Every structure is written in C-alpha cells, then in structure tokens.
Amino acid sequence: MSAVPAPLPPEAPGPDLRVDLGRGLVLPNPVGLASGTAGYGFELRQLIDLDRLGALFTKGTTLRPRDGNPPPRVAEVRGGMLNSIGLHNPGVEHVAAVYAAEFTRWRVPVVVNVAGGNVDDYLGCLDRLDAAEGIAGYELNISCPNIANGLDYGRDPVAAARLVAATRARTNRHLMVKLSPNVTDIAAVARAVEDAGADSVSAVNTYVGMKIHRGIRAPVLPGRGTGGLSGPVIKPLALAAVAQVRAAVSIPVVGVGGIMDAGDAQEFLIAGANAVQVGTATFVNPAAALEVLDGLLALALRSGIGRPPGRPGGAVRAVPPAGIEPASTG
Amino acid sequence: MSAVPAPLPPEAPGPDLRVDLGRGLVLPNPVGLASGTAGYGFELRQLIDLDRLGALFTKGTTLRPRDGNPPPRVAEVRGGMLNSIGLHNPGVEHVAAVYAAEFTRWRVPVVVNVAGGNVDDYLGCLDRLDAAEGIAGYELNISCPNIANGLDYGRDPVAAARLVAATRARTNRHLMVKLSPNVTDIAAVARAVEDAGADSVSAVNTYVGMKIHRGIRAPVLPGRGTGGLSGPVIKPLALAAVAQVRAAVSIPVVGVGGIMDAGDAQEFLIAGANAVQVGTATFVNPAAALEVLDGLLALALRSGIGRPPGRPGGAVRAVPPAGIEPASTG
Amino acid sequence: MSAPLSDLGRARDQSGEVLAVEALGGGLVEITVRLPHLAATARPGEFAQLRAWDGVEPLLRRPFSVAWTAGEACGFVLEAVGLGTRLLVALRPGDPLRALGPLGNGFQLDPVPARALIVSGGLGCAPFPHLVRGLRRAGCPEVVVLSGAATADRLYPADRFVRGETGVRVMEATDDGSRGHRGFVTELVPEHCDETVAVFGCGPNPMLAALAAALRGMPRPPHRAEVSLEAPMGCGFGTCLGCALPLAGDHGTVWGLCCRQGPVMEVSQVDWPGLLALPPAHVA
Amino acid sequence: MSAPLSDLGRARDQSGEVLAVEALGGGLVEITVRLPHLAATARPGEFAQLRAWDGVEPLLRRPFSVAWTAGEACGFVLEAVGLGTRLLVALRPGDPLRALGPLGNGFQLDPVPARALIVSGGLGCAPFPHLVRGLRRAGCPEVVVLSGAATADRLYPADRFVRGETGVRVMEATDDGSRGHRGFVTELVPEHCDETVAVFGCGPNPMLAALAAALRGMPRPPHRAEVSLEAPMGCGFGTCLGCALPLAGDHGTVWGLCCRQGPVMEVSQVDWPGLLALPPAHVA
Ligand SMILES: Cc1cc2nc3c(=O)[nH]c(=O)nc-3n(C[C@H](O)[C@H](O)[C@H](O)COP(=O)(O)OP(=O)(O)OC[C@H]3O[C@@H](n4cnc5c(N)ncnc54)[C@H](O)[C@@H]3O)c2cc1C
Ligand SMILES: Cc1cc2nc3c(=O)[nH]c(=O)nc-3n(C[C@H](O)[C@H](O)[C@H](O)COP(=O)(O)OP(=O)(O)OC[C@H]3O[C@@H](n4cnc5c(N)ncnc54)[C@H](O)[C@@H]3O)c2cc1C
Ligand SMILES: Cc1cc2nc3c(=O)[nH]c(=O)nc-3n(C[C@H](O)[C@H](O)[C@H](O)COP(=O)(O)O)c2cc1C
Ligand SMILES: Cc1cc2nc3c(=O)[nH]c(=O)nc-3n(C[C@H](O)[C@H](O)[C@H](O)COP(=O)(O)O)c2cc1C
Ligand code: FES
Ligand code: FES
C-alpha cells in the first residue's frame, strides 16, 4: 500500500524531508497536489514525474457520480481564479473499483478527497474506499456548500465534529479534514475536528468570491454567481488561517492557498504548516509542485530544513510564527 | 448641516447621481472615501477637491484617544496591503470639539466612523458627537477585534443587533453599520442589524491576512502577526459579500473593497450596492475617488445610470445581480 | 456517448522563441514561434496552452490552436481581445514563449474523405491551415475552404489557408459584402455539400449552430461533420474540470470537457440549444 | 511633545519625464526627472511618493528623498532593494514617472547655523546634496559632510554632495577602510563637533542611534541635531497612520508619523531604544 512509501531511492539522495502526518500516513516529502487541481493523477502522470511528490489529493469524490455545474465554471480575476465546478466526479464506486487499483502501482501516496451532503454520504464513500487498496488516507472536504438539509459541516464546529466522529468510528485510515476559510472562527472548527478524532487538518479551501461582467451587468459564473477563489491572491489570507489553526490544534496542519513557488511554500511552513498542497499553480505550470519540491530541497541543503539526509523519524517542524491570532486592524 | 447637501451647483451640470441612504443622509453622489484611508479629511482637502465627493467616512473614532499599534503597521502584499493600525485616533472629544466645527464648512457630508470595545463606548461616542453640528451620520465599525471581554460585535449577529438597538435608541442621525467579512454568514449579520434599526450597511471591512518574512522566519506585522487585507485583491470577495448582503436586506448597501477605478465601482453597483467607498486606492492616487466619480458621471451620461440631470428624488438603483448566494465550488 | 479522451502522452511544456509577429489586417495577427516539439507532434485541430509573460497577471495560460507548422516552427493566429492576447500580439522576435501541447482532440483525418469542406468564421480560421495540409498529405484529393468574416479586412488571407498546397480552393463571404459572397459563410455550404464530403467547422458558436442546422436540413448531408469549440479553460489538460461544454446525452445535456473530449467534436455530439444558451464567448 | 505636522499645501501629484538614469557604482543609482513643481517647491529633507509603473504590483508608491533640484529637474538617489526600486532603476530617459510631493518635514535651515555637520551613512546620502546647497544659499559659511559606506564603491561621490558649491568639505569613511577613515562614519563626528554646529544625519537606524549616543556623550554637544528617519508608508500624506515611529513622550513611547511629523526629527524627539527594537528596514 502506498500509505507507507518506500524510503527515498538511492538515485535521489539529499535531505530527508519525510513528513509523518500520523496513523500511518508518511509523506515522502511535504509537497502535495491539492484536491480538484490534479484529478485522480492520470492526466498529470503523463505530464510530470508524479511519483516524486509527497502526496496526491484527489478530486472531491461523492457517493454517486456528479456531472457538475453548468459553464462557465472558471473565471479569472486579478492574480487568481474563481471556480464553480460543482464536484464533477465519477463517484466513489468508479474510484474504488477502477482508479484505486492503479494507485497501488504508484509511489506517490494518494489521499482521496471525500465530499457529501450528509453523514451517510461520507460513510458510504469511506466504506467503499476502505475496501480498496492503494489509498493512503482520506481528506474530508467539509467545505462543500451544496448539501442536503442546508447544513454546512465546514461552517459549524458542532456539525463538523459530528461528521468527523462518525467517520472516525468507521475507518482506520488517516483522516485529514479540509477546513473552509469562510468562517468566523477557523480555529474553533479545527479544534472541534481534532477533538472528534481527525488525524490532521488541511487549510484552506477556496474563498467565496464573485466576478461581475460590466457588459452583461451580471456575474460571470452561473447560478448564484459566486465561486471559489484560489491562486496567489489568497496567500495572505491562507497564511493567517494556517497560523490560527496551528495555534489551535496539535495535530499536523497541511497548508494550501496560493502557493506558486518554493518561497511561498516556505512561508506556510513558517506559519506552522507541516506540509503543503499546490493547487492553482499546477494549471499555470504542470510542474509547479515539483519545482516547489526542488526549491525546498535546495533550501534544506542550504539551511538545514528537515533532517540531515538519512536520519529517520519525526516530522518536519517549522518555526512557530511570532503570533497567531487576528491583530487589531483599522 | 452637511447631512442634506445643497443640490449640484450650476457649474457642475450633468447627471444627478444623488443617493438617498435614508434618515436624512443624502449623498451628492455615490462615491465616498473609506474609513481609515482619509483621516478626518484635513490632509486630503489640501490635495484634492474633497467637496465634490459623495461622502467622507472618517477614521475609526473611539471614546478615548488611542495611540495605535507598534510598527510596522503596514505591509504590502501582491495587489494589496495589510494594515495593523490599531485605531490610532484623537478620541471623540477632539473630533466633536475641534474637527466637527470644520465639517460644518464643508460641502462633503462627513460620516463619523465610530468604534468601541463595548456598548457604552459606542453610546459615549454618539452622545458626544450628537451634540456637535457638521456630522452627517455615523458608521458603526463593529469589526474591531480588540475589545473588552472578548466580544466581537461584527462576528455575532446577536451581539451586533444588541449594539445597534442600543445606539439606535440614542441617536436620530443616520446609522450605517460597517460589516466584517470575516464571518461565516455576513447576510445573517446584515439582517440582524437591519432588524435592530440600522439605516444602511457598508460592506466590507478588511480581511484577516498575514505576511511572512522568509528572512526572519516570522510574520512582518507585530503582535499576533496578522493585519487587515485591503486593495484590489479583495474585490472578488467584497463583491460576493455585497451581493449576499444586498439579497438579505432592504436598506441601502454601501460597497467597499478594492475599488481602484470607475469600472470597479460599477461592478459594486451591479452587485447591488447603492453607493461605494474608495479606500486603499487613495494611497496610490489621492485623486482616485474623484476619478471614480468622474468615470461614473461619464458612464451615466452615456448609459443613463442615475436620473436624467435635474430630476429629483429617489436613490440610484442598480440592477440586481443574477444570483446572490454562494454557489457550490470545488 | 461521451467523446474519447485526448492523448496527453505527446504533450510537453516547451519554451520557445518568437520568430515573427505579423499583422494581417483587421486586427488579426499571426505569430510564428520556434517550438520544435509542438511542431513535430501537433495534429490538425489540436491546441497549446501559451504563456508569454511573468507574474500573475494574467494568471492562467491561454489556449490557441496550432494554425500551422513548418519545420521547427508553429504558427498561431489570434487577435487582441483581452489582457492575455494583448500581451501575445505585442511580442517581438526573440521573445520567449512557453507552450504546453499538443493538447485536445483534433480533427479526424481517418478515413480520408473524398472531399473536405472547411467552414471558417472569423478567428475560426486558426486551426485550418494545418488541417488543409494534413488532409492533402493524407491523400484527400479536394479541399474547399469557405472563409467568412464580418468585413473583407478581417478575412484570413486565402493563400495562408493554402500554404502552397494544390487541390485547395478558398471561397469567401463577408457579412457586409465587401468581399466574396454577401452574407453568412454558412449560406455557401449547401452548394458544396453532399454525402461524399466531410465537413470541418470552426467559428463563433452561433455560426457553428447555424452550420449544424444547415447540415441537418440538407437533402444530401455530409457523411461526417466536426466542429472545433471553445470554453474558458483553467488547465487545458483535464484536471480542473472547468471547460465544460454541453454535449447531447441520452437523458439530456451532459457536460463534456472541451480540453480533452474536444475541442473538436462531432456535430451530433453537441447539445446545440445548450451551447447557444451559454453566455457569449466574451463573458469569462 | 509631538513634532509639528508638515505642510501639505505645496504637495502636488505631477507626472514627470525621466531625463537620466546613472549607475554610480556599488548599486547606487541616480535618477533625474523633469518635475517642475517638485523642483520648485521641495525643501531639503522633504520627500516625494513615486510611481513609475502601471497595474497593482507593486501597489503602493515608494517614498524617496529629493536629492537635489536643478531648474525643472529633481534628482533621486536609490538602490534596487525590492520590486519598486528595481522598476525605478530600470527606467530609461523618456519614461514617465509620477511624483506626489513635496511631502514631510525637511531639515530646519532657520536659524542658519555657523557650521553644519552632515552625517551620511550609505543611502542616507540621498537628502544631502539638496541640504548642502540649501545651507550654503541660506548663508551657512561652512558645511562638513561626513560620508560613510560599507565599501569605497558604495560611497556617494563627494562631488555630488557638493554640486559646485563652495565652503563644503567631504570626509569619507568606509567599514573596510577601502577609502578614507577605516570604521564607522560616526567615529568622525567628535572631532568636528562643538556647540556652534548643527548636525544633520541620515542613514540606517543603528548608525543614527550611534550618532545620537555620540552626541549625548560629547563634552561640547551641537546646539541642534536632526535626523531623517524611515518607516514603511501607506500613503505618505498622513491619512493611513501606517508610518509610525517611536517618539519619546512624557510617559514613554508615543507613535509619531514619519510622513508628517518626519521624516526629519530632532534627535531628542526620537525614542532611540524603541527605534532600535523595531524589525530591520528590510522587513516590510
Ligand atoms: C481550444 C481553444 C483554442 C483556441 N484557439 C484560438 C486561436 O487559435 N486564436 C484565437 O484568437 N483564439 C483562440 N481561442 C480563444 C482564446 O483562447 C481567447 O481569446 C483568449 O484566451 C482570450 O484571452 P485574453 O486574456 O486576451 O482575454 P481575457 O481578458 O481573458 O478575456 C477577454 C475575452 O476573451 C474571452 N476568453 C477568455 N478565455 C477564453 C477561452 N479560453 N476561450 C474563449 N474565449 C475566451 C473572454 O470571454 C473575454 O471576453 C481558443 C480557445 C480555445 C478554448
Ligand atoms: C521618507 C523616506 C525617504 C526615503 N528616501 C529614500 C531615498 O532617497 N533613496 C532610497 O534608496 N531609499 C529611500 N527610502 C527607502 C525607500 O522608500 C525603500 O527602499 C523603497 O520603498 C523600497 O521599495 P521596494 O519596492 O524596492 O522594496 P520592497 O519590495 O517594498 O521591500 C524591499 C525592502 O525595502 C524596504 N522598504 C520598503 N518600504 C520601505 C519604506 N517605506 N521605507 C524604508 N524601507 C522600506 C523593505 O523593508 C524591504 O526589505 C526612503 C524611505 C522613506 C520613508
Ligand atoms: C490603513 C487602513 C485603515 C483603516 N481603518 C479603518 C477604520 O478605522 N475603520 C473602519 O471601519 N475601516 C477601516 N479600514 C477599512 C477600509 O475602510 C475599507 O473597508 C477596506 O480598506 C477595504 O476597502 P479598500 O480595499 O478600498 O481599501 C481601514 C483600511 C486601511 C487600509
Ligand atoms: C478548479 C478547482 C477545483 C477544486 N476542487 C476541490 C475539491 O473537489 N475538493 C476540495 O477539497 N478542494 C477543491 N479545490 C480547492 C483546492 O484544493 C485548494 O484548497 C484551493 O484551490 C486553494 O489552493 P490554491 O490557491 O493553491 O489553488 C479546488 C480548487 C480549484 C481551483
Ligand atoms: S481546461 Fe481544465 S479540465 Fe479542461
Ligand atoms: S504614510 Fe500614511 S500616514 Fe504616514
């Protein structure tokens, strides 16, 4: 199973950047591909050396296949993009029955991002996926706003905890929870899911944004007109969120939001992340995550991030930030 | 008193863009200067023709003078800036006793932005300001995170409503409430303050963000390391917030966040704002708000925004956006 | 039935050098770039994701059809419509340009049709010089290009469709009659169409829908008809799922991916009412 | 006591044309810009907020001292340390540049001192050519410039301090002894200092703190001492309240505004321990 990857092969010597996220999920290095920006890996495998990466977080996967939202689904804004994909995915059965068998042949750990409208949806997904090999862990996407009965797990610590407790009771695989930044208190949600048994958290998902087209005098994206904002513009917001989460929990934190290069990734590590995910940058440059990794490796060689080559055990630790809660502004 | 400004003078003919925000606050046009970016008007009066603008929203004013936070208080990020000013202001007594007398001589309506740590702070401010002429209305800054007893009005609809009800009972001047975007449900806060008697809302204040300095491996801003993000980067987020608020309330909405030019302002009007505030853009170009106004005037001439010149009454109405709630993303 | 997924195995991200930038008139610009890999591998109708700027404004790459190849060079035909295209048409010889490609499903050359009818509207000309040559080299004896534009100066020059190939005829139409047939280019289709023909279309959605309608109503419809479509793209290689196009499913519209199931689709695969219901191309 | 607020009445936002960009060696660059209003109104020590790029990266203007004026032109001395300065030093003659100014409180020329002692560290040279001329034209008989830098190539050229004025002496110091005194420029201060002197300093905070300490310990301290300070700025004209500097208040530190109470402050106004406790200038 890819959850415990082989040690770095002899042809890639250098600093050992493995990150132990707990419950058997050891990333070969701290750089993953963010959910929804790398599909299930099949496309990017053809473009880059995916197996060098620390993890692949799959597209959000639901109990039943979903055809997604009507177009336009993406719209560019200054330094970022909005998306309204609508969890277009082939459904858990296809992922478990067809894709997972492929994953067993890959060196990169594959973490399946799971989404649902209610607790049963999530449990149904996990049950099916637990029966398959090749899956290194789960990332619960609790930031999906289109769910039954209007409940939104990512925005309510109590509901989030309930969901995590239920899934925790069901699977022994690593359970990462992907936090929504569109909340009053992300630290409270992080604490709630930690207490409920999450092994780690990833922060953050996209920010609710809107693009207006002056010509048609209306939003560009369909439906309610809003979409999820990602890319370089969200980095300062995501860094603040990661620092707040880091201060609130003791489980590992995976930082995501606007990482374009190794310097950005380093900032997330400084803010308290144990690992990072590269999302939108992959669209701009399919090799972005590899370049982030190479940059971190170079940095580790120079400045001693990570352990000296060969010394096993323990997660990469970042210097905690000087401060972690919202300062007064204005 | 400047709350009911004189009609446009004959030397400035053109479309009548007056905006009636209710309870006697009629803006000569929909373009104001955002709180904290224009002080109390004294500096900008020396640089631009302030009296042409729709409104001046003052720096957040507190019961006692405040010396603000230690530096660095500002840090630039891609397409935006973070600030951690800490409500540096001379206190309400100075504003009421010294500044307000000046305001009476200005044509631009001056709305005093009021901040406090508890209800009594706000009431104390309003009492003192109510005794002064020259003040067109109040903008309650309920998004100030450094307050007594850890309560944060802007982030809790119930607390916000309580504050607004108390202030509403105290003053007959126009009461605008400035909403924080750092919340799970900005529409809920907007509805709560509307129900509690707010005459209008402004949206949005800054977003909590962080800048990390790789060299010192720590945040740039002091204290908790976070600050308020403003400028062009926040426009897509602010537009979504304005659309959500517009759908939730029937009182006027003043849009603010990342407006750099008339096109940006137009987008806020399309998203449902009745008027706009220009903030960070003024730092880049002290005449930015005037240029926004001139752009809107040109647009009004071309496309008939606003009323035909000379026809009185009624607020500028924007086309409501096609949709207003967060769509599914991811 | 959903269209087959394109082959990504040939795609490579290569940095090339701009060799020439020519203004063709009417705003059309042709850019020649040294991109050996793309030139060696791109099939007619395939596209590349281009970037020729640093920084994050614009953030995403922009998709462009490979208009033609010549040795190690590729041609692109475009117009400045927004920031990305403005930066591209402002390039100068010697400037660097990155191209990820070839991407997408191109036109089907197999089986080689007895006659090929190419219907080009405006910038829809872009993929066709490469297709004309591809068809002729594959043995297609006769290629007819119907080339339409709003005005004469916006017509892609006929000789650039031909690029020295024999057996190629170009017929022109302009909305205002300033050159060739006065009216829509699709009005020329019936007289060139019978069941021996394979039709290849590219242009604005309304034009393509008119083409599809014309073909449906024809007494002797072509044995095959394909169109190249556009959608706003995030990635261009199938992972963002952003480039949805309405395809005709068994139970109504299904969303297909322009970048991997297209950009070239069989006319019958497309949900034409769904496509026409989308916001116009300039809204993205 | 807080410093008086600068006069904003003279400030204007003017678009100028770059006339010359000269590399002085060691990374220092001198830019000459046609800016008639600023040239006519800027007093020594005042600054302008510059912008010479479109778009939002960088977003804010950057503050620079007016180094000198000549007719309708202003000089600026700078070095590429970040994005804004990189764009500025890459300017070419003919390029446009916007300058909002003059801003801030400059050096006090009144009363004219019998002798002026200018202490310049590194890029702290920037305001001094203008001050040298201002002092001489105001009737100050003797101006001594102590000019320090890390190495000889980073010394601002002595003749550029002087700009043809008489009665000006320049003494140099380098950290590595590659030119002039070996050591810190502040070490040269005692031998030139007595109560007839007015001292004007500009340079990195540690250097200015050393200067302040040296002056305090002097048997015959100068009758006046001013320094020009820096702070990251949002606006430059007093509305953002972002440019806080620690001033010595009656009950401890009070925050003053660099852009309106400074950038020039009397040495006694500054809370020196507070200033030294701030993050280094390169953190903003
Ligand atoms: C497969 C494919 C092949 C294409 N080939 C060509 C070609 O050969 N020549 C050519 O001129 N154009 C082609 N296009 C369209 C071209 O990609 C867009 O015109 C370009 O992306 C606009 O970028 P911009 O930054 O200039 O515009 P933006 O500032 O992004 O937007 C300006 C306008 O262009 C439209 N636009 C933006 N992105 C796209 C997009 N991906 N597809 C269609 N319209 C878009 C927008 O709706 C907008 O109004 C192709 C598009 C696709 C999907
Ligand atoms: C009143 C005043 C006058 C100045 N005069 C000059 C001058 O004549 N010549 C000169 O070379 N420099 C001068 N500076 C400093 C100059 O403004 C900064 O070096 C410049 O803003 C850096 O911009 P950047 O985009 O290149 O750097 P950034 O990318 O913004 O940052 C690079 C580095 O420059 C530092 N920096 C950024 N902003 C400031 C700032 N406002 N003040 C100080 N440091 C900053 C940062 O700490 C950072 O490490 C002055 C500063 C002030 C406040
Ligand atoms: C330096 C600075 C100080 C601010 N101070 C205040 C304040 O005192 N009270 C307030 O309600 N908003 C304050 N704001 C928020 C602005 O009024 C505005 O809501 C925000 O900056 C977004 O608009 P912009 O992107 O146009 O700047 C401040 C913003 C900045 C940049
Ligand atoms: C097109 C797109 C699709 C996404 N789909 C998902 C998803 O299915 N599940 C999920 O948890 N996050 C999804 N995300 C969010 C990303 O994983 C990531 O959290 C976000 O984009 C911020 O990172 P970035 O700025 O590096 O892109 C998606 C993002 C984009 C841009
Ligand atoms: S453009 Fe990303 S999937 Fe097609
Ligand atoms: S820089 Fe804005 S107040 Fe000084």
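Letters A, B, ... are given to chains in the order of the sequence lines, protein chains preceding strands, and every chain is numbered from 1. Being a predicted model, the structure only gives us computed values, none of them experimental.
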- Closest-packed option against chain A by number of heavy-atom pairs under 4.5 Å, given C/Gly274, C/Ala11, C/Pro246, C/Pro58: C/Pro58
- What are the two closest non-hydrogen atoms of A/Glu43 and C/Phe237, and how far apart are they? CG-O, 3.2 Å
- Message: If I measure from the heavy atoms of chain C, does A/Thr282 come under 4.5 Å with its side chain, its backbone, both, or neither?
- Response: both
- Query: For A/Tyr99, does the OH atom have more than 12 heavy-atom neighbours from other residues, nucleotides or ligands under 6.0 Å away?
  - Reply: yes
- Identify which part of C/Arg98 has an atom lying under 4.5 Å from any heavy atom of chain A, answering side chain, backbone, both or neither. neither
- Of the non-hydrogen atoms in C/Asp13 and A/Pro286, which two are nearest, and what is the gap between them? OD2-CD, 4.3 Å
- Message: On a heavy-atom basis, which atom in A/Gly39 and which in C/Thr239 lie closest, and how many Å separate them?
- Response: N-CB, 3.8 Å
- Message: Need one label for C/Leu241: side chain, backbone, both or neither, based on atoms under 4.5 Å from any heavy atom in chain A.
- Response: both
- CG/C/Leu60 to OG1/A/Thr280 distance, rounded to the nearest 0.5 angstrom? 8.0 Å
- Note on the structure: Of all heavy-atom pairs linking C/Pro232 and A/Pro72, the shortest is CG-CB, 4.2 Å
- Query: In Å and rounded to the nearest 0.5 Å, what is the CG to CZ distance from C/Leu83 to A/Arg78?
  - Reply: 9.5 Å
- Task: Supply the atom-to-atom distance A/Phe283 CZ to C/Leu59 CG, rounded to the nearest 0.5 angstrom.
- Result: 10.0 Å
- Query: What's the verdict on side chain to side chain contact (heavy atoms under 4.5 Å, CB included) for A/Val284 and C/Arg51, showing C-alpha distance, side-chain angles and the deciding distance?
  - Reply: CA-CA 8 Å; A/Val284 179; C/Arg51 203 170 208 268; 3.3 Å; yes
- Item | Residues, nucleotides or ligands: over 12 heavy atoms within 6.0 Å of A/Arg214 CZ | yes
- At what distance, to the nearest 0.5 angstrom, does CG of C/Leu100 lie from CG of A/Leu47? 6.0 Å
- Note on the structure: Of all heavy-atom pairs linking C/Glu57 and A/Gly79, the shortest is CG-N, 4.4 Å
- Task: Answer yes or no: is there a donor N or O on one side and an acceptor on the other, between the side chain of A/Gln46 and the main chain of C/Gly9, under 3.5 Å?
- Result: yes
- Message: Taking C/Val254's backbone N and O only, do any of them form a donor-acceptor pair with A/Asp67's side chain (distance below 3.5 Å, no angle check)?
- Response: no
- Taking every heavy-atom pair that is under 4.5 Å apart, which of C/Arg12, C/Gln49, C/Arg260 has the most such pairs with chain A? C/Arg260
- Note on the structure: Between A/Pro232 and C/Val56 the two heavy atoms that sit nearest each other are CG-CG1, 3.6 Å
- Item | A/Asn285 versus chain C, the contacting section by heavy-atom distance below 4.5 Å | both
- Query: Going from SG on C/Cys240 to CZ on A/Arg73, what distance comes out if it is rounded to the nearest 0.5 angstrom?
  - Reply: 9.0 Å
